[in-house]
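What follows is a short report on a single structure.
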2 protein chains.
Amino acid sequence: MESFDPQAEPVALSAEQSRFIEQIGVYYENFGIPRIGGRMFGLFLVTTNPLSAEELAQTLKASRSSISTNVRGLVANGWVEKVTIAGDRTEYFRLAPAAWEQVMERRRQSLTPLRNMAEQILETLPKDHPAYGQLEHMATWVTFLAQHYTDLLEVWKAQHPRR
Amino acid sequence: MESFDPQAEPVALSAEQSRFIEQIGVYYENFGIPRIGGRMFGLFLVTTNPLSAEELAQTLKASRSSISTNVRGLVANGWVEKVTIAGDRTEYFRLAPAAWEQVMERRRQSLTPLRNMAEQILETLPKDHPAYGQLEHMATWVTFLAQHYTDLLEVWKAQHPRR
DNA sequence: TAGTTGTTTCTGTAAATACTGAAATGATCG
DNA sequence: CGATCATTTCAGTATTTACAGAAACAACTA
């Protein structure tokens with residue numbers, strides 16, 4: 001009963017912040033993330049208060065349904081986290097503290113199918129097949145990369161321990 | 001005059017190779033690469049002979065125009081390279097020897113705009129702005145990542161010197 | 001239980017993208 | 001300079017995808 005939240009106002013943004021949000025939006029759009037999703041991420045980067053879906057919708061001038069689907073993606077990828085407040089049934093969202101590590105972790109995991117494909121095809125080929133060498137090379141690369149991603153994350157986490 | 005190349009035949013592929021090509025196609029489709037482009041890449045992975053556009057078209061059952069546009073992308077990204085033969089006006093293509101390194105290198109370069117965005121917005125914010133810390137964190141992460149990509153590539157190249 | 005509010009799902013539409021076949025361009029050869 | 005052949009560009013079509021608004025659903029509250 002305490003939050004009477006008359007109409008959920010949009011977040012006040014400076015011109016620079018708005019520009020940043022749009023830039024982040026198009027940047028991630030190039031990586032296949034829907035524009036609204038990218039903008040949301042940008043918004044979370046330049047603000048710290050957890051935001052409700054309604055605030056997101058108003059601030060980004062997008063529909064509630066788009067916010068709903070896009071926020072789900074961001075949460076699923078570990079970029080954003082849901083925050084709740086006792087006695088308030090609205091859900092709020094904010095940048096996940098480990099967002100960047102998560103991006104990396106996801107990327108590492110996406111290497112697994114690639115490695116599997118390489119290994120599977122290698123099993124079917126005779127060792128003297130002309131392409132054997134380059135497929136082996138591919139498998140080696142993917143393994144190398146996955147290992148280094150793991151190492152890299154460990155170094156980062158050591159340098160930036162979770163408070 | 002010497003190559004009379006009656007009709008450019010499709011590459012003969014085993015069932016496993018065909019399956020591999022399709023798998024690679026859908027894998028890279030998830031990363032925003034057109035299906036035909038991904039299939040071409042897969043084809044180059046399981047073959048070694050340079051292939052003409054006509055052979056690619058026939059083998060992958062795609063139009064010449066699609067091959068043209070997609071091969072351009074693969075070459076631009078350094079995944080595939082063009083090969084020519086004296087006295088033959090057809091162009092051939094094959095997997096670039098440094099394809100995997102190139103993937104990494106591209107990724108590293110794509111971090112630059114992200115770093116720029118972070119640094120630019122930081123310049124406009126007072127140090128006590130609530131989001132200052134997390135934007136600094138972002139900039140640190142991107143820098144860290146770019147540096148480690150560079151290192152990683154160096155290690156790889158040392159281990160796999162170009163013959 | 002009825003009413004209120006927050007969230008998701010559904011349905012349709014607009015926009016973007018991939019792809020093809022045909023036309024245009026370019027390059028080489030007689 | 002034609003003629004031939006390889007490649008690219010163009011124009012149209014089909015498919016996919018993002019998005020919005022409305023309906024459905026869920027969770028709480030009086």
Side-chain angles (χ1 to χ4, degrees), chain A residues 1-9 22 25-42 50-76 80-93, chain B residues 1-9 22 24-42 50-77 80-93:
Chain A
M1 97 271 300
E2 85 275 6
S3 81
F4 60 108
D5 182 351
Q7 197 58 353
E9 301 208 339
E22 292 306 313
V26 315
Y27 179 84
Y28 281 106
E29 204 169 18
N30 289 333
F31 291 92
I33 284 138
R35 192 178 301 177
I36 293 185
R39 280 202 272 240
M40 284 186 40
F41 188 60
L51 304 174
S52 69
E54 183 59 36
E55 287 170 312
L56 290 166
Q58 300 216 8
T59 307
L60 300 176
K61 298 177 179 55
S63 72
R64 289 298 313 288
S65 53
S66 286
I67 298 297
S68 175
T69 53
N70 278 284
V71 87
R72 184 191 311 142
L74 294 180
V75 171
V80 163
E81 68 180 15
K82 186 187 288 191
V83 179
T84 56
I85 300 175
D88 183 348
R89 34 180 176 138
T90 308
E91 301 179 323
Y92 298 88
F93 300 92
Chain B
M1 95 259 324
E2 85 275 6
S3 83
F4 59 109
D5 183 350
Q7 196 58 354
E9 302 207 339
E22 293 305 313
I24 292 286
V26 314
Y27 180 83
Y28 281 106
E29 205 171 15
N30 288 333
F31 291 93
I33 285 139
R35 192 177 302 176
I36 291 185
R39 281 202 271 239
M40 284 186 40
F41 188 60
L51 304 174
S52 69
E54 184 59 37
E55 287 171 313
L56 289 167
Q58 300 215 8
T59 307
L60 299 177
K61 298 178 179 56
S63 73
R64 291 289 280 84
S65 53
S66 285
I67 298 298
S68 175
T69 52
N70 278 285
V71 87
R72 184 191 309 141
L74 294 180
V75 170
N77 282 330
V80 162
E81 68 180 15
K82 186 188 288 191
V83 179
T84 54
I85 299 175
D88 183 348
R89 38 183 172 139
T90 308
E91 301 179 322
Y92 299 88
F93 300 93

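Naming convention: chains lettered A, B, ... in sequence-line order (proteins, then strands); numbering from 1 in each chain.
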Would you indicate whether the side-chain heavy atoms of [Y] and [X] approach each other to under 4.5 Å?
X       : Y       : value
B:Met40 : B:Leu74 : yes
B:Glu9  : B:Gln58 : no
B:Tyr28 : B:Asn30 : no

Choosing from [options], which nucleotide comes nearest the side chain of [X]?
X       : options               : result
B:Pro34 : C:dT9, C:dC19, C:dT20 : C:dC19
B:Thr90 : C:dG21, C:dT9, D:dT7  : D:dT7
B:Ile36 : D:dT7, D:dT9, C:dC19  : C:dC19

Sugar-phosphate only, base, or nothing, as touched by B:Lys61 at under 4.0 Å among non-hydrogen atoms: sugar-phosphate
Sugar-phosphate, base or nothing in reach of A:Arg64, heavy atoms under 4.0 Å: base
Sidechain-backbone polar pair: B:Thr59 side chain, B:Leu56 backbone, donor-acceptor under 3.5 Å: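 No, B:Thr59 side chain to B:Leu56 backbone: no donor-acceptor pair under 3.5 Å.
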Donor-acceptor contact below 3.5 Å, side chain A:Glu55 vs main chain A:Ser52: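 Here the side-chain-to-backbone pair exists.
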Rounded to the nearest angstrom, tell me the gap between atom [atom1] in [X] and atom [atom2] in [N].
X       : N      : atom1 : atom2 : answer
A:Asn70 : C:dT8  : CG    : P     : 12 Å
B:Ile67 : C:dA18 : CD1   : P     : 14 Å
A:Glu29 : D:dT17 : CD    : P     : 14 Å
A:Glu91 : D:dC28 : CD    : P     : 11 Å
A:Leu60 : D:dA20 : CG    : P     : 10 Å
A:Ile85 : D:dC28 : CD1   : C1'   : 16 Å
B:Glu54 : C:dG21 : CD    : P     : 12 Å
B:Arg72 : C:dC19 : CZ    : C1'   : 14 Å

N/O (side chain, [X]) to phosphate O (OP1/OP2, [N]) under 4.0 Å:
X       : N      : result
A:Ser65 : D:dC19 : no
B:Ser68 : D:dT8  : yes
A:Ser66 : D:dC19 : no

Comparing A:Lys82 and B:Ile33 on DNA chain C - which has the more 5′ nearest nucleotide: A:Lys82
A:Arg35 or A:Arg89, whichever maps to the more 5' nucleotide of DNA chain D: A:Arg35
